[in-house]
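Structure record follows, encoded as structure tokens.
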Amino acid sequence: MSEETLSNLLHENRRFEPPADLAAAANVKADAYAAAEADPEGFWAQAAERLTWDQKWDRVLDWDNPPFAKWFVGGRINAAYNCVDRHVEAGRGDRVAIHWVGEPLEDARDLTYAELKDEVCKAANALTELGVRTGDRVAIYMPMIPEAVIAMLACARIGAPHTVVFGGFSAEALASRIEDCEAKVVVTSDGGYRRGAPSPLKPAVDEARAISAKSGHAVEKVLVVRRTGQDVDWDDAVDVWWHDTVDTASAEHTPEAFDAEHPLFVMYTSGTTGKPKGILHTTGGYLVGTSWTHYEVFDLKPETDVYWCSADIGWITGHSYIVYGPLANGATEVLYEGTPDFPERGRWWDIIEQHKVTIFYTAPTAIRSFMKQGREIPDSKDLSSLRLLGSVGEPINPEAYIWYREVIGGGRTPVVDTWWQTETGMILISPLPGVTAGKPGSAMKPLPGVGAEVVNDEGVPVPNGHGGYLVLTQPWPAMLRTIWGDDQRYVDTYWARFKDQGYYFAGDGAKKDEDGDLWLLGRVDDVMNVSGHRLSTTEIESALVSHPYVAESAVVGATDPDTGQAVVAYVILREEATKTLGEDGGEGIAKVLSDHVRKEIGPIAKPRQIMIVPELPKTRSGKIMRRLLRDVAEHREVGDVTTLADSTIMDLISAGQARSTDD
Ligand code: WT7
């Protein structure tokens, strides 16, 4: 973000006070800040009391061996029991847990808590029958259908950590995750609906299984939901239908209590190197952190609210704020399979109108795309049920915030801009809807019980009005425990930068305004944020150089009006390739290379532009200066080139022609 935009932002002086009725009845009031500060462990213990434990903890936090935390030490708990059974036992079995909305207009299914309990129990029995034991990993590669949630909860119920892989990832990306966590079973479906057409998933699982087999890892079973009815290849030794195994299993299943630190799931996310990191979350602290913040930040009133989070369960937002947080709170929620604009652009608003959604949580990139379509579409729907709006994934620009509040929220609803990460598991920085006067574009303050600061290079907090690095100054219950199989990478990535202070380094830049409120400014490392999805520059670079035409590549995230950032790739072709294709690679080169990235990682990683260049700007020590490439990609005058080994290179690059990959 440029200095100019930044100073404009910080002179934002619109303020939105919480509505009086919301403030009066808010789940969490202003006194929570002081209470949490006076006794952080007591505060989290109180949040933990909201759950049902088989055995209570002896100690809230063990931070004797930082950065390896243990929360609710000695406690025993079952996450699925907390998300399902206990609501049924409390007499709320008839409450709808999930209003599922399929993409085809005629597809819909409501599941009450009692029905969800039966389904989860059956799936738990079926997984056990397939040989899954406590501690075994299960990969889930599915569309947004109820079975995806059921599969996750069934894994949690039997203590088998799941790893959900976003359905938009390729077979290669799926295989690398299956191998890294050595998944024994994969749960998938024949396909899902995407823009009106069935889109296959099972073939990618078949391919991933073949790739993993070559590297010596055998997936034992693949459990397949029939969703679209499309043709699938079948291997009788491995593949089993969900309707043959789960539907016929017993609905009786006694949940076992696991240690609070028992692994709940591994969620892969991109880091600054090519290899995705398996972020490990454990059971007790994660469930406390997600259920508490869901109650606190969204002011959830489970008896009356209808909640909808539009994320995909393949991302952390889906784990924390579709599955574990809301269901642990006994919420009624919408789960939607498809895209926002099918069969027409008002689909999301129709869903809000139909189900009388009261709390809606989405990403700025979606809001910006609706802004482009114009307010006529949402204006023609009845959105008066909404009382609270949330935003996540990237900084929300004030313009989008105001549009969201006015057009979608009818000017009544607070907007909570929630900052967090795959690693943090739960929201850490956000306004409290009944307490905080919102400023468009600011995530405001750390939540009660959370320690966040903005520090300079030396780890010293900056004064108000200044910027620096966002750090977290104390442990929190839903924090990641490690990177799966790589404790050293965990220490190096998050805790080495400010080792002396013992701070967690989030990788984000931030600024404190004159009031001390926080403005998130995006990543300070080689991680991009495209439509709220995290992508690593190095991962895309490795994908590009794995193509036979490519000698070298550098990838940057360039500011994009729709997606926040977009992938721009600079590519040096191999000499052999230019002999046949020509120096500039010829007309079709951008498409060939971008299809290759799609295949290696998935459609989300596809570059917006590919520039064929003769050289890359490097320092004398050989480090690519991405800052200069960003200048070119964002059409700025190229900055300081004095540290370049060859300062004429930037002229060559700037003169080159950008090729869009849209064709
Ligand atoms: C990165 C984490 C948290 C779930 C979705 C993304 C950026 C996230 C905000 C926000 C500004 C935000 C940060 C963060 N980010 N929320 N409200 N304002 N930036 O999870 O893929 O782990 O990415 O997303 O850069 O580090 P993720």
Side-chain angles (χ1 to χ4, degrees), residues 1 6 9 164 166 168-169 266-272 276-281 289-290 293-294 297 309-325 361-368 389-398 400-401 404 415-431 438-447 450 452 454 467 469-472 476 478-480 483 493-494 504-511 517-536 539 557 563-565 604-605:
M1 199 174 288
L6 188 57
L9 276 180
V164 184
F166 174 55
F169 275 128
V266 179
M267 174 86 237
Y268 285 86
T269 189
S270 296
T272 52
K277 302 176 285 195
I279 303 300
L280 175 67
H281 285 288
T290 53
T293 49
H294 182 256
V297 173
C309 166
S310 73
D312 191 284
I313 44 141
W315 308 109
I316 192 69
T317 310
H319 284 54
S320 300
Y321 298 109
I322 294 178
V323 181
Y324 292 105
Y361 192 29
T362 194
T365 183
I367 300 167
R368 286 192 300 268
L389 299 173
S391 170
V392 62
E394 54 178 317
I396 179 164
N397 46 308
Y401 179 109
Y404 194 27
V415 173
V416 288
D417 174 15
T418 63
W419 179 90
W420 57 296
Q421 306 179 301
T422 303
E423 291 86 343
T424 71
M426 67 193 231
I427 299 169
L428 294 185
I429 306 175
S430 166
K439 291 178 189 175
S442 169
M444 305 302 288
K445 290 210 185 310
L447 291 174
V450 171
V454 181
Y469 304 107
L470 180 72
V471 295
L472 302 171
W476 62 99
M479 66 193 279
L480 78 166
I483 292 174
T493 308
Y494 305 107
Y504 169 94
F505 174 51
D508 278 17
K511 187 136 179 171
D517 293 324
L518 300 173
W519 297 73
L520 278 306
L521 304 175
R523 305 289 306 191
V524 295
D525 52 13
D526 290 335
V527 170
M528 289 171 287
N529 188 328
V530 177
S531 299
H533 299 317
R534 195 200 292 200
L535 292 170
S536 139
E539 205 178 342
T563 56
Q565 283 189 310
I604 43 165

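Owing to the predicted nature of the structure, the values given are computational and were not obtained by experimental measurement. Indexing begins at 1, ligand by ligand and atom by atom, following the structure's order.
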Verdict with supporting geometry, Thr365 and His533, side chain to side chain contact (heavy atoms under 4.5 Å, CB included): CA-CA 10 Å; Thr365 183; His533 299 317; over 6 Å; no

Residue Pro395 vicinity, atoms of ligand 1 by number, heavy atom under 4.0 Å: 11 (C), 18 (N), 19 (N)

Under 3.5 Å between any N/O of Thr422 and any N/O of ligand 1: does that happen in this structure? yes

Is Glu423 in polar range of ligand 1, meaning some N or O pair under 3.5 Å apart? no

Check ligand 1 against Val392 and write out every atom of the ligand that is under 4.0 Å from a heavy-atom position of the residue. 3 (C), 4 (C)

Within ligand 1, which atoms have a heavy atom of Asn529 less than 4.0 Å away? 7 (C), 24 (O)

Distance-only, no hydrogens or angles: does the Glu539 side chain make a donor-acceptor pair with backbone N or O of Ser270 under 3.5 Å? no

Given that the side chain starts at C-beta and the backbone is N, CA, C, O, which of these parts of Ile316 lies under 4.0 Å from ligand 1, counting heavy atoms, or is it both or neither? side chain

Heavy-atom contacts with Leu520 under 4.0 Å: which atoms of ligand 1 show up? List them by number with element. 11 (C), 18 (N)

Nearest neighbour in protein (non-hydrogen) for atom 6 (C) of ligand 1: Gly532 O, 4.0 Å

Would you say Thr362 and Ser310 are linked by a side-chain donor-acceptor pair, where the criterion is simply a distance under 3.5 Å? yes

Side-chain (His281) to main-chain (Ala478) donor-acceptor, under 3.5 angstrom: yes

For Thr418 and Tyr361: C-alpha separation, side-chain torsions, deciding distance, then whether side-chain hydrogen bond (donor to acceptor under 3.5 Å, both in side chains) applies. CA-CA 10 Å; Thr418 63; Tyr361 192 29; 2.6 Å; yes

Below a 4.0 angstrom heavy-atom separation, can you tell me which part of Thr418, side chain or backbone, both or neither, approaches ligand 1? backbone

Side-chain donor/acceptor of Ser320 to backbone N/O of Met426, under 3.5 Å: no

Any Gly393 heavy atom less than 4.0 Å from ligand 1: yes

Does ligand 1 come near enough to Thr317 that some N or O of the ligand is less than 3.5 Å from an N or O of the residue? no

Polar atom proximity, Thr269 to ligand 1 (N or O, under 3.5 Å): no

Is there side-chain contact between Tyr321 and His294, with at least one heavy-atom pair below 4.5 Å? yes

With a 4.0 Å cut-off on heavy atoms, does Gly522 reach ligand 1? no

As an exercise, state the distance from CZ of Arg523 to CG of Leu535, rounded to the nearest 0.5 Å. 11.5 Å

I'd like to know if the side chain of Asn529 reaches the main chain of Gly393, judged simply by a donor and an acceptor atom lying under 3.5 Å from each other, with no hydrogens or angles considered. yes

Winner among Trp420, Trp419, Tyr321 once heavy atoms are compared against atom 2 (C) of ligand 1: Trp420

Would you sort out whether Val164 and Trp315 count as a side chain to side chain contact (heavy atoms under 4.5 Å, CB included), showing the intermediate values? CA-CA 8 Å; Val164 184; Trp315 308 109; over 6 Å; no

For ligand 1, note which part of Glu394 has a heavy atom under 4.0 Å away: side chain, backbone, both or neither. backbone

Just how far is it from atom NZ of Lys277 to atom OG1 of Thr493, taken to the nearest 0.5 Å? 5.0 Å

I'd like to check whether Asp508 has a polar contact with ligand 1, where a contact means an N/O of the residue lying under 3.5 Å from an N/O of the ligand. yes

Starting from atom 21 (O) of ligand 1, which protein heavy atom do you reach first, and at what distance in Å? Arg534 CB, 3.4 Å

